[in-house]
Amino acid sequence: MLLSLIFFGTGWITLLVILGVVAAPVVGYLMLDPSQRERLKRARRRGLGR
């Protein structure tokens, strides 16, 4: 029983970490103002190092 709890618990923790890594940038983008989103789009088109 303990072994199954560790396995399934670890699986849920892994899933939550992956969702957090994916959700954090999306939430951050959605929190931007429309003008900030436009500036970010322009910077992406231009390229970061140029």
Side-chain angles (χ1 to χ4, degrees):
M1 175 151 161
L2 182 61
L3 185 60
S4 65
L5 180 63
I6 290 172
F7 177 72
F8 289 117
T10 307
W12 281 110
I13 292 171
T14 304
L15 181 64
L16 289 175
V17 168
I18 291 171
L19 285 176
V21 167
V22 171
V26 172
V27 170
Y29 179 78
L30 293 175
M31 290 175 62
L32 295 175
D33 294 335
S35 63
Q36 292 172 323
R37 289 181 191 173
E38 278 300 315
R39 192 177 346 164
L40 184 62
K41 284 179 190 176
R42 275 187 270 126
R44 248 190 253 144
R45 268 186 256 135
R46 234 184 8 233
L48 292 177
R50 297 181 219 177

Can you name the side-chain contact (heavy atoms from CB on, under 4.5 Å) partners of Leu40, sequence neighbours left out?
-> Tyr29, Leu32, Arg44

When you look at CZ of Arg37, are more than 12 heavy atoms from neighbouring residues, nucleotides or ligands closer to it than 6.0 Å?
-> yes

To the nearest 0.5 Å, how far apart are CD1 in Ile13 and CD1 in Ile18?
-> 12.0 Å

